[in-house]
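Inspection log for the structure reproduced underneath, given as structure tokens.
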Amino acid sequence: VGVVFFCCSAPLSTAYGISAVAWVAAIATMPPGLEVGGVVAVFVIGLLSATVGRGLRKVMRRNVVLASQVDAHEAQLDAALLAERTRIADELHDVIAHEISITVMHARVLERTDDPETRAGSQRAIVSASAQALTDTRRVLQLIHGRTGGDGVTDAGAPGIRREIDSLAKK
């Protein structure tokens, strides 16, 4: 009875239950028959096994529903993760593209001019834009990794590096 209630649909389980009750009633009324205690035992065992079968069926249905909900949540998480990655990539592009454009523009100025003052200004702009691009890249990466900058990574615009560059430039 329990297996039928677990595996079969509700209408089929009901029909089987009715048939089982009719079968037990027929056995109980035909000689030699079952004693009252035997009939009660068969009904109790049948009822318990039907209850267990129906309970297992409900648990299985619930597991299927929960599994589909987990799949839906994972799909939402994947979509959110993709959207966040896209947003970060767009921000990184926006931040870096400007500085790289400045670097390329001033590198082209260096190719086309012999004026020492213009060349020096372009070189400073290239260094500054490159340093800013590195700083911005590190800032975005620190945001991605949830760090605040205290992880030992030195920005290109940090005073220590600027002092080193200035001392090299004086030599």
Side-chain angles (χ1 to χ4, degrees), residues 1-105 128-162:
V1 174
V3 172
V4 170
F5 274 71
F6 173 69
C7 296
C8 299
S9 65
L12 187 58
S13 296
T14 304
Y16 183 82
I18 292 170
S19 299
V21 168
W23 178 72
V24 170
I27 290 175
T29 58
M30 292 185 185
L34 289 173
E35 298 288 326
V36 175
V39 172
V40 170
V42 168
F43 277 117
V44 168
I45 292 171
L47 183 61
L48 287 175
S49 65
T51 303
V52 169
R54 184 58 66 194
L56 289 174
R57 183 179 182 90
K58 285 182 181 181
V59 167
M60 293 294 290
R61 283 183 182 162
R62 183 174 158 254
N63 286 347
V64 168
V65 169
L66 290 175
S68 67
Q69 289 174 347
V70 166
D71 290 343
H73 288 305
E74 285 178 351
Q76 287 175 342
L77 182 61
D78 289 344
L81 186 60
L82 179 61
E84 184 64 13
R85 285 181 177 161
T86 301
R87 185 191 67 76
I88 289 169
D90 289 345
E91 181 177 336
L92 192 58
H93 174 268
D94 291 346
V95 166
I96 304 301
H98 174 73
E99 303 301 335
I100 291 176
S101 296
I102 291 173
T103 302
V104 169
M105 180 185 72
S128 175
S130 300
Q132 187 62 46
L134 286 173
T135 300
D136 292 342
T137 301
R138 286 190 180 111
R139 180 185 56 83
V140 170
L141 290 175
Q142 288 170 350
L143 287 172
I144 291 169
H145 295 295
R147 289 181 265 173
T148 59
D151 59 356
V153 177
T154 306
D155 287 341
I161 291 179
R162 290 191 191 268

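Start at 1 with the first residue, then count along the sequence.
To the nearest 0.5 Å, atom NE2 of residue His73 and atom OG of residue Ser68 are 9.0 Å apart. Separating the CG atom in Leu82 from the CG atom in Leu77 is a distance of 11.0 Å, to the nearest 0.5 Å. Between Phe5 atom CZ and Thr51 atom OG1 the span is 8.0 Å, to the nearest 0.5 Å.
Other residues, nucleotides and ligands place more than 12 heavy atoms under 6.0 Å from the CE atom of Met105. No more than 12 heavy atoms of other residues, nucleotides or ligands sit less than 6.0 Å from atom OH of Tyr16. Enclosure of atom CD in Gln69 by more than 12 non-hydrogen atoms of other residues, nucleotides or ligands within 6.0 angstrom is indicated.
Residues Val1 and Ala50 approach most closely at CG1-CB, 3.6 Å, considering heavy atoms. Summarising the geometry of Val4 relative to Ser13, their closest heavy-atom pair is O-OG, 3.4 Å, with the distance given to 0.1 Å. Between Thr137 and Leu92, the shortest heavy-atom distance links the atoms CA-CD1, 4.2 Å.
Listed by first and then second residue, the side chain to side chain donor-acceptor pair (under 3.5 Å) pairs involving residues 89-104 are Arg87-Glu91 (not counting sequence neighbours).
Arg57 places a side-chain N or O within 3.5 Å of a backbone atom of Cys8 that can act as its donor or acceptor partner.
You'll find the side chain of Val21 reaches within 4.5 Å of the side chain of Phe43, heavy atoms only. Using a 4.5 Å heavy-atom cutoff, the side chains of Asp136 and Gln132 are in contact.
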**OP:** Verify side chain to side chain contact (heavy atoms under 4.5 Å, CB included) between Thr14 and Ile18, making sure each step is shown before the conclusion.
**Re:** CA-CA 6 Å; Thr14 304; Ile18 292 170; 4.0 Å; yes
